[in-house]
Structure formats: structure tokens, C-alpha cells
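Notes for the one structure printed next.
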Amino acid sequence: MNIYVTQFFLIGGSRLLRIPLAILIAGLLSRAVGPQGVGEWSMIVAVAVFFHSMCLGWTQAQAVRMGREEWLDRQSQSKTWAARWPLIAVGIVVSVFGLWFRPYSFFEQLTGLPSSWWPVALIYLFGIWALAEAQVLQRTTGRFSIFAAVPLVLDLLVASFLYAILVFAPNSDAIEPITGIVVLTAVLGGAVWAWEFIASHSSGGRASRRDIVQVATFGGPVVLGAAMGYLSDWGDHFLLQYFHGIEQVGLFQAGYQAMLAMMALSAPVTVIFLNKLVDQLRHDPKAEADYIRRFVPIAVLFWLLMIMPCIAVIPWIFAAVFGKGFVAALPAFLVLCIAVPGAIFTYLYTILFNIQERTGRLAVFAGAMAMANFAISLTLIPGMGGVGASVGSAISYLAVQILYVLDQHRRLAVSPLVPVLLLLVASIFGVVQLIIGDAIVWRLLWAIACMGILIVLGRKFRISENNLVARLMPRRCAPIAKMMDRVLTKS
């Protein structure tokens with residue numbers, strides 16, 4: 001296998017393992033603290049993610065592009081860090097000030113949590129920032145094995161801790177399990193980031209004012225996009241808190257996190273092929289058009305064939321993991337699952353926006369997504385609760401998926417017919433699964449039917465090349481690979 005396929009299976013395997021781990025963690029947490037405790041945890045995450053997105057995380061967008069080029073040229077990250085650290089320092093000061101003083105009691109008013117919980121949010125903010133910084137360095141230096149391993153280690157630590165809580169302190173208050181998760185994230189994140197910082201030779205660099213301005217200019221639209229994305233992701237939670245209380249937030253959050261865990265399985269394409277395109281564009285100016293013409297359709301086809309049977313059985317897994325206390329969360333979760341098959345499009349096309357440095361366009365799309373989600377949710381949540389929030393989320397995700405496809409194909413003058421057809425099948429599959437409900441047999445039969453439609457489309461438009469699967473998969477899987485090649489390609 002070539003190096004990019006090896007990396008894909010490495011990171012993809014890690015993501016695959018993280019799905020049951022994420023569901024296990026959600027299940028253990030829900031059993032340890034109940035719906036109300038899950039709601040309180042959601043509010044802590046919401047506050048930490050807000051400050052990370054607005055004050056710190058936006059500087060990481062340019063770091064991948066700048067850092068990758070610097071690493072290829074100098075085997076160092078010192079100049080990239082030198083251009084970023086003044087902006088990061090400002091972000092840290094603003095975050096600490098905002099959480100310490102909490103102007104207008106925003107923390108208490110939005111989350112419904114007591115003021116004594118703000119240090120928990122601050123420590124968690126540090127943890128997720130440190131982990132994100134470490135993963136940026138791992139991506140730019142090509143340390144994909146560590147990139148894949150660190151999240152797994154954290155998930156295993158958190159799952160073990162929650163299991164210990166259930167066994168040895170089953171009647172503990174919600175603050176104790178939540179604080180434990182926060183501390184584990186901060187300690188592991190800080191340690192890994194320090195290690196990667198040293199290994200990537202990130203210290204001792206000098207940056208001009210122009211370099212700092214470049215990072216700020218590139219990141220400016222990212223802040224707007226992050227704000228819109230945050231409103232889309234967390235606005236529903238705050239609306240549910242306002243209209244229905246913290247327990248409804250916990251029920252919705254259970255399904256929302258399960259949806260994100262399934263979507264994240266397609267994320268390795270972003271990690272790997274951003275580096276691949278940066279490398280190729282140094283020598284081939286047509287690499288972007290070739291990417292959406294040849295790679296995107298086959299990646300989407302394989303993803304849909306893999307994810308459809310998973311979605312068909314997910315209601316049974318959800319009920320088994322979360323238990324009777326979260327039965328009321330299942331209808332909202334089934335609505336959210338509509339957007340899961342098309343998640344691959346968001347990841348595949350985000351690569352191009354980053355390469356093209358069109359973060360402003362991403363911000364526009366994120367704004368449209370957030371406005372649509374918030375408007376629909378504000379209309380439906382008072383009467384429908386979590387189901388109304390899920391409708392807003394699903395529609396906004398689908399809208400962004402099609403916007404990404406149409407924008408890039410128009411820009412690169414490549415016909416969007418094949419990806420649009422694949423997205424249409426994916427969306428219809430999700431809607432019909434919602435109509436079927438939790439009847440597993442009928443869900444599986446519909447998944448098989450849609451997989452047959454995908455195979456017909458793949459053969460008609462010659463999405464897969466002869467012997468492509470055999471070339472990509474390990475030799476020990478040769479019989480399976482040859483069978484897939486016969487199914488996906490015309491003889």
C-alpha cells in the first residue's frame with residue numbers, strides 16, 4: 001500500500017475504535033450522573049469550546065498550512081510558533097479574564113450552573129487547546145501514528161475513570177466525575193503538547209510583524225466562521241436550557257455526541273489529504289481539480305457503503321448503551337442521523353477551502369448554517385423540545401454539505417453531477433431511515449437497497465478503476481479486494 005493509504009487506515013482505524021469508546025464513555029457518564037448531570041457537563045463543554053474557538057483555536061487554521069511548508073523546508077516549526085504565540089497569549093488573557101470576572105454573570109445565566117464551576121471550564125479549556133496544539137504539530141510533521149494513538153489513550157483513561165466511579169463511588173455528585181474528566185484531559189493534553197513542541201523544534205524562532213499579521217488576517221474569517229459554527233452546534237443546547245431545563249439538554253446531548261462520533265469516522269481524509277495536496281501543489285497546479293474529479297467520488301462511495309449498515313443498527317446500540325434513562329432521547333437522535341451519511345462531503349471539501357485560503361467563504365457558509373439552525377430551532381424547540389433542535393441541526397448540516405460541493409465544483413470547473421447524485425442518495429437514505437423508526441429489520445433492508453443503488457451508480461459513472469481496491473488493500477485481503485473490484489467496476 002502507498003503511504004497515504006497506510007495513513008488513512010491507521011487514522012481511520014483509530015477513529016473506528018473511538019466510536020464504540022465514545023458511546024461507552026457517554027453511556028458510563030449517563031449512568032454515573034443521569035440526564036441532569038450530562039446536561040451540566042454539556043454546559044461546561046459549551047463554555048470551554050466557546051473560548052477556545054473565539055480566543056485560541058482560530059490561530060491553528062494557518063498553523064497547518066504554514067507549519068507544513070516550514071517543516072518541508074527546514075524540519076522546524078519555530079517560525080510558525082513565533083508568529084502565533086503573541087496572539088495565543090492575548091487569547092489566554094482574554095479567556096482567563098472572561099471566566100474569572102464573568103461580566104454580567106453570563107456564565108451563570110447561560111448555563112444555569114453555580115459560579116463556583118467556572119474553574120472547571122477554564123481547566124477544560126486548557127486541556128482541549130493543548131490537545132489541539134499537539135495534533136497540529138503531529139499533522140504538520142507527519143507523526144500520524146502518535147496522532148492516532150493520543151485520542152485513544154485519552155478515551156481509555158476517561159472510560160476507566162468513569163467505570164471506577166460507578167464501581168467505587170456510585171452515589172457521587174455530578175461535579176466529581178466531571179472534574180475527573182477535565183483533569184485527565186488537561187494533564188494528558190499538556191504533557192503531549194510539551195513533548196511535541198520540543199520534538200518539532202518549535203522554540204527559538206523569530207517572526208516579523210508581517211508574519212503575525214498574516215496569521216491574524218488568515219484567522220480573522222476563521223473567528224467569524226467559528227462563531228457561526230458555535231452558534232449552530234451549541235445554540236440548540238442553550239435554547240433547550242432556556243425553554244425546557246438542564247435535563248432536556250442532557251437528553252439531546254447524548255444523541256448529538258453519538259452523531260458527532262459517527263461523523264468523525266470520516267475525518268481522517270482531512271488529516272491525511274491536506275498534507276498530500278500541499279505537497280502536490282508545489283509541483284502540479286491542477287492537483288485540486290484532479291482531487292475532486294478522481295479521489296472525492298471513490299472516497300464518498302466507500303464511506304457510504306461502510307456507514308449505511310452502521311446507521312441501520314445504531315438505534316439498537318444507542319438503547320443498549322445509554323439505558324432506560326435515555327429512551328426519550330432516541331427520537332431526536334434518529335433525526336440527527338439524517339445528516340451523518342453526508343458528513344464525508346464536509347471533510348473532503350474543507351481541505352480545498354484551506355488550501356485555497358478561502359476561510360472567508362467558509363465563514364459565510366457557517367453563518368448560513370447557524371442562522372438556519374437557530375431560526376428553525378427557535379421555532380420548534382418550545383413545542384417539540386429535543387426533536388425540534390434535531391430538525392434544525394439536520395437541515396443545516398445538509399445545507400452546508402450541498403453548498404460545499406456546488407461552490408468547489410463551480411470554482412474548479414468540474415461537473416458536480418456524480419457527487420450531487422451520491423449526496424442525494426445519502427440524504428434520501430437518512431430520511432427514509434427516520435420514517436422507518438427503530439424497526440431494525442426494515443432499516444437493514446433499506447440500507448441494503450441503497451447500497452445496491454450506490455453500486456449501480458459507481459459502475460455507471462466508473463467511479464472506481466479496475467483493480468483499485470486490490471491495489472489499496474493489504475495482500476492478505478486480496479480475495480475480498482478482488483470481489484469488491486468486480487462489484488464496483490464494469491468488466
Side-chain angles (χ1 to χ4, degrees), residues 18-51 99-100 102 107-128 130-131 151-191 234 237-238 240-241 244-258 260-261 317-330 333 386:
R18 290 195 72 195
I19 289 180
L21 278 173
I23 295 174
L24 174 63
I25 289 170
L28 290 172
L29 181 64
S30 66
R31 294 175 188 274
V33 300
Q36 180 167 336
V38 172
E40 292 168 344
W41 166 242
S42 302
M43 292 295 98
I44 289 292
V45 175
V47 172
V49 169
F50 172 79
F51 282 99
L99 285 170
W100 193 332
R102 300 179 306 285
F107 180 83
E108 297 83 356
Q109 294 293 329
L110 286 176
T111 66
L113 299 175
S115 57
S116 59
W117 284 47
W118 73 263
V120 181
L122 181 61
I123 296 171
Y124 191 64
L125 166 63
F126 170 76
I128 60 176
L131 279 172
L152 277 176
V153 171
L154 178 60
D155 287 348
L156 288 170
L157 288 174
V158 171
S160 300
F161 168 74
L162 290 174
Y163 179 75
I165 286 286
L166 283 172
V167 172
F168 299 109
N171 298 317
S172 59
D173 294 333
I175 186 62
E176 295 172 9
I178 289 172
T179 302
I181 297 173
V182 167
V183 171
L184 284 172
T185 304
V187 171
L188 181 65
W234 293 100
H237 296 72
F238 290 121
L240 280 169
Q241 154 72 10
H244 295 280
I246 198 73
E247 183 171 338
Q248 285 296 311
V249 176
L251 292 171
F252 176 73
Q253 174 71 356
Y256 197 77
Q257 287 303 310
L260 292 180
I317 297 174
F318 185 88
V321 170
F322 286 92
K324 295 181 180 179
F326 285 79
V327 171
L330 187 57
F333 175 58

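Worth knowing before you read on, the calculation uses all heavy atoms, side chains too, and leaves out hydrogens, waters and symmetry mates.
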Which heavy atom in [X] sits nearest to a heavy atom in [Y], and how many Å separate them?
| X | Y | answer |
| --- | --- | --- |
| Leu162 | Ile25 | CD1-O, 3.7 Å |
| Ser172 | Ile165 | OG-CG2, 3.7 Å |
| Gly34 | Phe326 | C-CZ, 4.2 Å |
| Met43 | Val249 | CE-CG1, 3.9 Å |
| Leu110 | Gln241 | O-CG, 3.7 Å |
| Ala174 | Val33 | CA-CG1, 3.8 Å |

Tell me which donor-acceptor pairs under 3.5 Å the side chains of residues 175-186 have, and how far apart each pair is, sequence neighbours excluded?
{"residue": "Thr179", "atom": "OG1", "partner": "Ile175", "partner atom": "O", "Å": "2.6"}
{"residue": "Thr185", "atom": "OG1", "partner": "Ile181", "partner atom": "O", "Å": "2.9"}

How long is the straight-line distance from CG of Leu29 back to CG of Leu166, given to the nearest 0.5 Å?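 Here the rounded value is 9.0 Å.
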Roughly how far, to the nearest 0.5 Å, is the CG atom of Leu99 from the CZ atom of Phe50?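 Reported to 0.5 Å precision, the distance equals 9.5 Å.
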Around atom CZ of Phe161, are there more than 12 heavy atoms from other residues, nucleotides or ligands closer than 6.0 Å?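 Yes, because the 6.0 Å sphere around CZ of Phe161 holds more than 12 heavy atoms from other groups.
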With sequence neighbours excluded, give me every side chain to side chain donor-acceptor pair (under 3.5 Å) pair touching residues 25-44.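 For residues 25-44: none.
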Test log, rule side-chain contact (heavy atoms from CB on, under 4.5 Å), inputs His237 and Tyr256: CA-CA 10 Å; His237 296 72; Tyr256 197 77; 4.1 Å; yes
Close side-chain approach of Leu330 and Phe333, heavy atoms under 4.5 Å: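 In short, these two side chains touch, coming nearer than 4.5 Å.
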